[in-house]
Amino acid sequence: KKEGVLTTLVNAFSHDKPHYPPKMIFVNQRMEENTRLLGDLLGKQGGYFYMCGLAVAVPGIDKALKGAMVAEGVCTKHGEDAWMAEMKESGRYSQESY
């Protein structure tokens, strides 16, 4: 961890057992469960966020990301859109959706 090696992996395989069926697990749900991790890596350590996937997932991903930053005190609810815009403008948020 001190050398910058990733030490945490949070999976969200929506169609894999044991969750499917009857329940699907999505990325935004895992993000909502891990606000502290996101707040630390993105908000406090200046990390990068890469989103690649279905365009229909983008609103949920963005909402979860903003919610994590607000929950962890990185930005206020009022400032979450400005925080997101700065992430995108600085190249720290990259999105490829289809």
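Heads up: numbering here begins at 1 and tracks the sequence.
In terms of the side-chain hydrogen bond (donor to acceptor under 3.5 Å, both in side chains) criterion, residue partners of D40 (sequence neighbours excluded) are, by chain and number, Q45. Contacts of F13 classified as side-chain contact (heavy atoms from CB on, under 4.5 Å), with partners at least two apart in sequence or in another chain: N11, D16. Residues satisfying the side-chain hydrogen bond (donor to acceptor under 3.5 Å, both in side chains) criterion with R30, sequence neighbours excluded, are E33. Partners of T7 under the side-chain contact (heavy atoms from CB on, under 4.5 Å) rule, at least two apart in sequence or in another chain, are K1. In this structure, the side-chain contact (heavy atoms from CB on, under 4.5 Å) partners of T76, at least two apart in sequence or on a different chain, are H78. Here E86 pairs with nothing under the side-chain hydrogen bond (donor to acceptor under 3.5 Å, both in side chains) rule; sequence neighbours left out. Applying the side-chain hydrogen bond (donor to acceptor under 3.5 Å, both in side chains) criterion to K77, with sequence neighbours excluded, gives E80.
Judged by distance alone, with hydrogens and angles left aside, the side-chain atoms of T35 form no donor-acceptor pair with the main-chain N or O of E32 at under 3.5 Å. Using modelled atom types, no side-chain atom of R36 and backbone atom of E72 make a donor-acceptor pair closer than 3.5 Å.
Residue Y50 shares its hydrophobic cluster (ILVMFWY side chains chained together at separations under 4.5 Å) with Y48. Cluster partners of V5, using a side-chain heavy-atom cutoff of under 4.5 Å among ILVMFWY residues and allowing indirect links: none. Y98 belongs to a hydrophobic cluster with L54, V56, counting contacts under 4.5 Å between side-chain heavy atoms of Ile, Leu, Val, Met, Phe, Trp and Tyr, direct or through other members. Under a 4.5 Å side-chain heavy-atom cut-off, the cluster of Ile, Leu, Val, Met, Phe, Trp and Tyr residues that includes V10 is completed by L37, L41.
In plain terms, the two heavy atoms of A55 and S97 that are nearest each other are CA-CB, 3.7 Å. Across all their heavy atoms, A57 and M51 have their closest contact at CB-CE, 4.2 Å.
A single hydrophobic cluster is not seen to contain both V74 and V70; linkage of ILVMFWY side chains at heavy-atom distances under 4.5 Å, directly or through other members, places them apart.
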What donor-acceptor contacts under 3.5 angstrom involve side-chain atoms of residues 60-69, with partners at least two apart or in another chain?
residue : atom : partner : partner atom : Å
D62     : OD1  : Y93     : OH           : 2.5
K66     : NZ   : D81     : OD1          : 2.5

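Atom-to-atom distance recorded for K23:NZ and Q29:CD is 7.0 Å, nearest 0.5 angstrom. Rounding to the nearest 0.5 Å places CZ of F49 at 10.5 Å from NZ of K88.
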